[in-house]
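For reference, the structure discussed in these notes is given below.
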Amino acid sequence: MYLDNSATTQVSEEVFEEMKPYFTEEFGNPSTLYKIGRESKKALDQARQRVADAINAKPEEIIFTGGGSESDNLAIKGIAFKFLNQGKHIITTEFEHPAVKETLAYLESLDFKVTYLPVYENGIIKVEDLKEAITDDTILITIMHGNNEIGTIQPIEEIGEIAREKGIIFHTDAVQTFGKIEVDVEKLNVNLLSLSSHKINGPKGVGALYIKKGTRVIPLIHGGGQERGIRAGTENVAGIVGFGKACELASEQLEEHHEKLSAIRDELIEKVLGTIPESYVNGDMEQRLPNLVNFRFKAIEGESLILLLDAQGYQASTGSACSSNKLEASPVLTALGLDPVDVHGSLRISLAPESDAFDVDEFVETLAGAVSRLREMSPLWNQ
Amino acid sequence: MYLDNSATTQVSEEVFEEMKPYFTEEFGNPSTLYKIGRESKKALDQARQRVADAINAKPEEIIFTGGGSESDNLAIKGIAFKFLNQGKHIITTEFEHPAVKETLAYLESLDFKVTYLPVYENGIIKVEDLKEAITDDTILITIMHGNNEIGTIQPIEEIGEIAREKGIIFHTDAVQTFGKIEVDVEKLNVNLLSLSSHKINGPKGVGALYIKKGTRVIPLIHGGGQERGIRAGTENVAGIVGFGKACELASEQLEEHHEKLSAIRDELIEKVLGTIPESYVNGDMEQRLPNLVNFRFKAIEGESLILLLDAQGYQASTGSACSSNKLEASPVLTALGLDPVDVHGSLRISLAPESDAFDVDEFVETLAGAVSRLREMSPLWNQ
Amino acid sequence: MDYSEKVMDHFANPRNCRKMEDANGVGTVGNPTCGDLMTIYIKVNDDDVIEDISFQTFGCGAAIATSSMITEIAVGKTVEEALKISRNDVAEELDGLPPVKMHCSNLAADGLQAAIENYRENNQ
Ligand SMILES: Cc1ncc(COP(=O)(O)O)c(C=O)c1O
Ligand SMILES: Cc1ncc(COP(=O)(O)O)c(C=O)c1O
Ligand code: FES
Ligand code: FES
């Protein structure tokens with residue numbers, strides 16, 4: 001049972017069927033004049049329309065990229081370098097995805113100033129903090145929509161209104177929310193919004209950046225005139241077609257999936273907290289994604305928990321240092337102000353629409369067994 | 001008959017078969033710990049080995065990207081921004097691909113100085129010019145291996161030796177040569193070398209940058225630690241697997257294809273020049289790609305020629321202004337010093353290994369017919 | 001480039017494409033350096049009606065199709081009427097042109113005007 005859909009998802013059969021012809025048959029370069037090229041161009045246009053429809057944008061506001069990370073980089077560097085001589089202050093949160101965080105760290109090395117808003121114990125910023133942080137030098141606010149580790153959702157609409165009033169450009173990373181909850185660029189009041197295909201049952205290596213009409217960015221990849229000159233390179237036609245289809249399916253099924261997944265999630269939370277002593281949920285209980293829950297278990301370490309679960313057929317992830325190649329505790333959980341020891345005992349479960357077969361009782365039993373086995377080994381556990 | 005393989009190629013059946021499982025089955029994120037993630041990681045490692053083997057590099061010197069344009073941008077901006085305070089002079093040629101050219105134009109707007117070496121009528125730089133252009137401020141030489149419009153090949157080995165002697169970093173764009181002639185990073189003396197998958201019967205939206213051990217670049221896409229921290233983003237596993245397979249096949253068949261394609265090309269040149277009056281070949285006749293030839297016909301315009309050929313079942317391309325969305329005559333042909341009018345009468349034919357069925361006589365007959373029809377309509381043709 | 005069927009038809013089977021030896025008005029517009037050159041020939045009769053019209057064009061598909069189309073539109077019209085043929089008329093008759101190719105229809109209308117001007121100069 002795959003329970004790590006926030007890391008990546010399976011390409012659905014419907015999406016793959018739609019992509020297939022674009023490898024060995026309809027392989028034309030969309031920039032070419034003859035029929036096979038024009039067919040590729042048409043496929044791109046259709047995909048662009050589908051992505052636009054899914055977020056209530058216009059097709060010409062969609063720029064296809066090589067993934068969510070590239071979209072974030074294009075948005076942030078694109079604005080920073082555009083406004084190079086007009087202001088150097090950027091506002092963000094303490095717990096953005098590395099694609100945002102590391103980009104900002106790089107900009108700091110180029111003398112940009114970045115304010116990191118606190119996210120408090122519930123993993124949500126306070127709008128008051130944002131208001132106070134804004135200065136005359138602020139050129140960009142970049143605040144993620146849904147957090148990838150704990151699933152909390154920021155008040156994007158409100159932030160967007162403030163940004164608009166002050167005339168500041170606003171970017172949000174909607175990679176985790178898109179396809180899970182409504183993402184409507186008009187309602188959210190954003191100038192820029194990042195999407196990634198492989199989180200919604202589309203192929204890896206494709207993403208998009210929504211760029212509101214009138215907002216201008218410096219390209220990240222210069223070259224040919226593809227994507228209105230904003231992103232050069234021969235288009236990944238098959239991947240873009242797959243992404244378009246995945247967007248269409250995700251939009252159509254949004255409500256149905258929301259209901260189904262949040263019901264499973266709630267059952268899971270109830271049973272875990274009821275069965276396993278000293279277990280907690282990280283982040284706000286209301287403003288959260290329907291498909292994701294991040295647990296915390298006292299006195300155990302995440303990587304070992306994950307390995308035990310994997311051995312029993314459940315694939316999940318942790319924010320623990322020891323699971324990544326960096327050996328540094330999850331900055332997201334650290335930002336919540338958790339005791340560093342507790343940060344290591346986290347487990348992220350993220351569901352997919354196809355998680356129907358997920359038997360919560362069976363899983364909670366396995367999980368409880370694994371947790372108590374690890375606790376028996378742990379010198380930190382004295383209960 | 002598709003004769004535009006320098007624009008893009010068909011994914012071969014063998015490549016597609018190899019990619020297939022990585023969409024709906026082996027969909028794990030290579031950064032994850034459990035089995036399905038480790039399988040993806042293994043697939044990445046194998047692909048990296050294959051790409052490395054194909055250019056005589058080490059696997060850790062290969063960084064996967066979203067295509068040739070991204071590779072060029074990563075190489076050039078990566079070095080320019082790394083050496084920001086040590087020098088601001090870059091040397092290139094007059095007729096690079098837009099992914100290099102536009103990147104350099106952007107750097108010029110940031111106060112970098114760029115020297116554009118002339119390519120003369122034969123489309124090849126003079127090494128003496130390069131030597132003279134080098135200053136104490138030169139941080140990078142970027143000169144393409146094979147030109148994408150006329151197929152001429154630059155003396156990369158020699159340039160590499162000069163760069164090495166002077167301690168200047170050297171990048172080459174080998175997107176068009178790779179898989180057509182030998183590309184050996186050791187022999188070529190390069191620090192950085194760009195590759196693209198879709199030019200060698202691999203999928204679109206994947207490429208690689210070879211970065212010689214010891215050469216350091218600033219990432220273009222910051223974020224997670226993928227690709228040794230040099231290129232963030234969840235890896236396009238299926239695409240990379242396809243690229244790896246395409247590299248393996250291209251290397252295995254290099255000599256065989258070289259022989260076959262250059263024989264067809266030579267026959268084509270002989271028959272076209274022999275049949276069609278006032279027809280010419282653009283660029284050097286010796287230092288050239290085996291699979292590409294660029295013709296020039298007096299008094300006709302390329303786009304109309306391409307449309308006529310398409311109507312007869314042949315897909316090819318032109319450097320004529322009127323075919324692109326930019327309406328600006330091919331800078332490559334202009335760089336050769338051709339009369340601007342002649343630039344418009346160009347036709348690029350690029351073959352693929354699967355071009356066996358290409359009947360040269362039949363094609364030349366069609367081409368001759370199309371050329372004379374257009375000449376009859378042309379006010380510039382008075383013979 | 002998405003050309004309409006009509007554009008492709010006029011491109012592949014151009015009407016009135018020839019040099020006219022006995023024309024009494026000839027106009028050439030465009031610039032071969034930019035990839036287009038168009039010559040329009042007209043023969044105007046004593047009633048000021050364009051009795052015969054032809055063209056020669058060096059240019060893209062749209063340039064050839066618009067030349068061909070304007071000869072069809074203009075034939076049988078008086079010089080006064082022909083002068084009113086606008087760029088848009090040509091594009092519309094061809095069921096539209098891709099945005100980057102709109103200037104090619106300018107070329108055709110300009111070519112016809114130049115031919116008429118030349119005719120008037122010849123007959124002053
Ligand atoms: C010489 C050269 N460099 C770079 C590129 C760009 O590669 P890609 O289309 O994969 O971005 C191409 C092809 O378009 C090329 O021919
Ligand atoms: C919130 C968030 N932003 C950005 C990304 C990066 O997307 P990609 O892996 O497509 O580069 C991810 C996922 O990895 C994410 O969860
Ligand atoms: S305890 Fe082994 S890596 Fe942390
Ligand atoms: S003649 Fe140049 S675009 Fe039509």
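Letters A, B, ... are given to chains in the order of the sequence lines, protein chains preceding strands, and every chain is numbered from 1. No hydrogens, no waters, no symmetry mates; every other heavy atom, side chains included, goes into these values.
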Are any side-chain N or O atoms of [X] and backbone N or O atoms of [Y], one a donor and one an acceptor, separated by less than 3.5 Å?
X: B:K204; Y: A:G233; answer: no
X: A:K77; Y: B:L220; answer: yes
X: B:D310; Y: A:Y34; answer: no

Notebook entry, point to check: Which region of B:S317, side chain (C-beta onward) or backbone (N, CA, C, O), has a non-hydrogen atom less than 4.5 Å from a non-hydrogen atom of chain A, or is it both or neither?
Noted result: neither
Notebook entry, point to check: Contact part of B:Y2 toward chain A, heavy-atom cut-off under 4.5 Å: side chain, backbone, both or neither?
Noted result: side chain
What is the distance from atom [atom1] of [X] to atom [atom2] of [Y], rounded to the nearest 0.5 Å?
X: B:H198; Y: A:E235; atom1: NE2; atom2: CD; result: 9.0 Å
X: A:K199; Y: B:N29; atom1: NZ; atom2: CG; result: 6.5 Å
X: A:N5; Y: B:F27; atom1: CG; atom2: CZ; result: 7.0 Å
X: A:L84; Y: B:S109; atom1: CG; atom2: OG; result: 9.5 Å
X: A:T65; Y: B:E70; atom1: OG1; atom2: CD; result: 10.0 Å
X: A:I221; Y: B:I221; atom1: CD1; atom2: CD1; result: 5.5 Å

Next item on the list: Return the option, out of B:T9, B:V100, B:L74, with the maximum number of heavy-atom pairs under 4.5 Å with chain A.
Entry: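 Ranked by contacts with chain A, first place is B:T9.
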So which part of [X] gets closer than 4.5 Å to some heavy atom of chain B, the side chain, the backbone, both or neither?
X: A:A311; value: neither
X: A:A238; value: neither
X: A:L104; value: neither
X: A:F81; value: side chain

Check: Any chance NZ of B:K88 has more than 12 other-residue heavy atoms, nucleotides or ligands included, within less than 6.0 Å?
Finding: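 Yes.
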Notebook entry, point to check: Which of parallel (below 30°), tilted (30 to 60°) and perpendicular (above 60°) describes A:F23 and B:F23?
Noted result: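 Tilted, since the angle between the ring planes falls between 30° and 60°.
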Margin query: Below 30° counts as parallel, above 60° as perpendicular, anything between as tilted: where do the rings of B:H222 and A:Y106 land?
Written below: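 Judged by the thresholds at 30° and 60°, the geometry between B:H222 and A:Y106 is parallel.
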